[in-house]
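Contents: one structure, followed by commentary.
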Amino acid sequence: MFDPVVAGTDGSVAGSAAVEWAADDAARMRAPLRVVFAADRSPYDIPKFSSREWGEALTRNAEKVLAEAEDLARKRQPEIEVATRIVEGAPAVVLREQAQSASEVVIGSRGLGGFAGAVLGSVSGHVAGHARGPVVVVRSGARETYGEIVVGVDDSPQCDPALAYAFEQAVLRGARLRAVYAWQLPVHAYAPEIVCDMDEIRRAQHRVAADKLASWRQTHPTVEVVEDVRSAHPVQALSAASERADLVVVGSHGRGALGSLALGSVSRGVLHHARGAVAVVRSPRV
């Protein structure tokens with residue numbers, strides 16, 4: 001039995017998409033689902049308005065949103081255990097704390113407020129950079145199922161948590177795993193006095209990717225793995241691969257191609273440009 005899957009919702013379309021995604025993952029994991037509403041009272045804490053009146057209205061709205069979310073989850077996956085919770089605090093802080101006891105946290109890409117304020121900015125950036133486990137950012141709208149998970153691979157150990165999560169998702173879904181290793185020539189390679197053997201460089205990059213995936217193939221022999229080695233920027237490569245993927249998995253920081261800037265150029269770029277859901281898996285800090 002897995003720890004609970006946590007879904008953050010605010011009653012928006014994106015929040016409902018997060019609940020549906022989380023319910024499906026909970027069913028696959030045979031884990032309970034916890035749907036959370038962040039009751040952030042700070043915007044109403046001003047002398048001009050009655051904080052009690054606004055607080056009661058916020059609570060009533062939260063209860064309504066959670067009742068609808070629970071109904072949606074139960075209709076989607078009748079066999080799962082569903083609990084709802086109103087938690088006082090700012091959305092980013094609430095989600096980070098909820099992640100301490102969760103298999104994953106699922107959040108919509110945009111919404112009305114609560115969890116939705118700036119999901120691809122302050123909220124998701126904070127949670128993905130600090131949460132204990134995977135943070136899945138889900139886009140609303142119907143999308144075809146392709147039976148493929150995409151994971152970003154680099155040459156550092158910091159991408160291992162992302163690989164572990166991606167292989168686990170592939171097993172749970174019975175999906176193919178596309179491991180994208182994106183590489184770029186260093187700037188000095190373009191100097192006219194330097195002669196590069198491009199064929200040897202390509203072979204070397206393929207070896208790096210193969211070596212990185214070798215142990216994972218052994219421990220997950222039932223997963224079909226496609227080694228996708230491309231000469232491209234990681235964001236470009238992963239965004240292109242997302243066109244026919246059910247989920248894209250990236251690490252949150254590291255020292256290789258996918259981890260240079262924590263939630264900077266790569267993870268944030270994929271969150272903005274990928275076609276479907278993106279899971280950001282934080283590497284433990286040493």
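When reading the values below, keep in mind they use all heavy atoms of this one structure, side chains included, and skip hydrogens, waters and symmetry mates.
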Please check if the side chain of S242 supplies one atom and the backbone of G276 the other of a donor-acceptor pair under 3.5 Å. no
Does the side chain of K64 reach to within under 4.5 Å of the side chain of F37, using non-hydrogen atoms? no
One should read off an interatomic distance between H233 NE2 and L238 CG, to the nearest 0.5 angstrom, of 10.0 Å
message: Tell me whether S109 contacts the main-chain N or O of V137 through its side chain, where contact means a donor paired with an acceptor under 3.5 Å.
response: no
For V136 and Y165 the tightest heavy-atom approach is CG2-OH, 3.6 Å
Minimum side-chain heavy-atom gap V235-H273 below 4.5 Å: yes
Applying side-chain contact (heavy atoms from CB on, under 4.5 Å), run through V225 and F167 and close with a yes or a no.
CA-CA 9 Å; V225 180; F167 270 93; 3.8 Å; yes
V180 versus V248: any side-chain heavy-atom pair under 4.5 Å?
no
Nearest heavy-atom approach of A7 to L33 is CB-CD1, 4.3 Å
_Side-chain (R143) to main-chain (A245) donor-acceptor, under 3.5 angstrom_ = yes
Taking every heavy atom of A182 against every heavy atom of A232, the minimum-distance pair comes out as CB-O, 3.5 Å
Output for pair (L66 CG, D71 CG), nearest 0.5 Å, gives 12.5 Å
Exercise for review: State whether K212 and E227 are salt-bridged, where the test is any N-O pair (Lys NZ or Arg NE/NH1/NH2 against Asp/Glu carboxylate O) under 4.0 Å.
Suggested key: no
Applying salt bridge (charged side-chain N to carboxylate O under 4.0 Å, His left out) to R173 and not counting sequence neighbours gives D25
What donor-acceptor contacts under 3.5 angstrom involve side-chain atoms of residues 79-87, with partners at least two apart or in another chain?
none

When rounded to the nearest 0.5 Å, the distance separating CZ of R268 from CG of L271 is 7.5 Å
dist S215:OG -> H220:NE2 (nearest 0.5 Å) comes out at 9.5 Å
Heavy atoms of A22 and V5 approach each other most closely as CB-CG1, 3.7 Å
dist R176:CZ -> E224:CD (nearest 0.5 Å) comes out at 5.5 Å
*Is the backbone N or O of I149 less than 3.5 Å from a side-chain atom of D246, with the two atoms forming a donor-acceptor pair by type?*
no
Q: Answer yes or no: are there more than 12 heavy-atom neighbours, outside R275 itself, under 6.0 Å from its atom CZ?
A: no
Check: Given side chains that start at C-beta, do those of M29 and E168 come closer than 4.5 Å, heavy atoms only?
Finding: yes
So CG of D160 and CG of D154: to nearest 0.5 Å the spacing works out to 9.0 Å
* Asked: Going through the checks in order, is the side-chain contact (heavy atoms from CB on, under 4.5 Å) test met by L163 and L213?
  -> CA-CA 9 Å; L163 279 168; L213 293 167; 3.9 Å; yes
Residues A38 and P91: closest non-hydrogen pair is CB-CA, 3.8 Å
Between Y146 and V250, is there a shared hydrophobic cluster once you connect ILVMFWY residues whose side-chain heavy atoms come closer than 4.5 Å?
no
message = If you define the side chain from C-beta out and look only at heavy atoms, does anything of L177 sit under 4.5 Å from V151?
response = yes
Could you go through the side-chain contact (heavy atoms from CB on, under 4.5 Å) check for V280 and R282 one step at a time?
CA-CA 6 Å; V280 180; R282 186 177 71 88; over 6 Å; no
Test side chain to side chain contact (heavy atoms under 4.5 Å, CB included), reference L95, set V135, V106, V105, output is V105
_Tell me whether D24 is salt-bridged to R76, with the criterion being a basic N under 4.0 Å from an acidic carboxylate O._
yes
On a heavy-atom basis, the closest approach of W21 and E104 is NE1-OE2, 4.3 Å
When you compare the side chain of E70 with that of V35, does any pair of heavy atoms fall below 4.5 Å? no
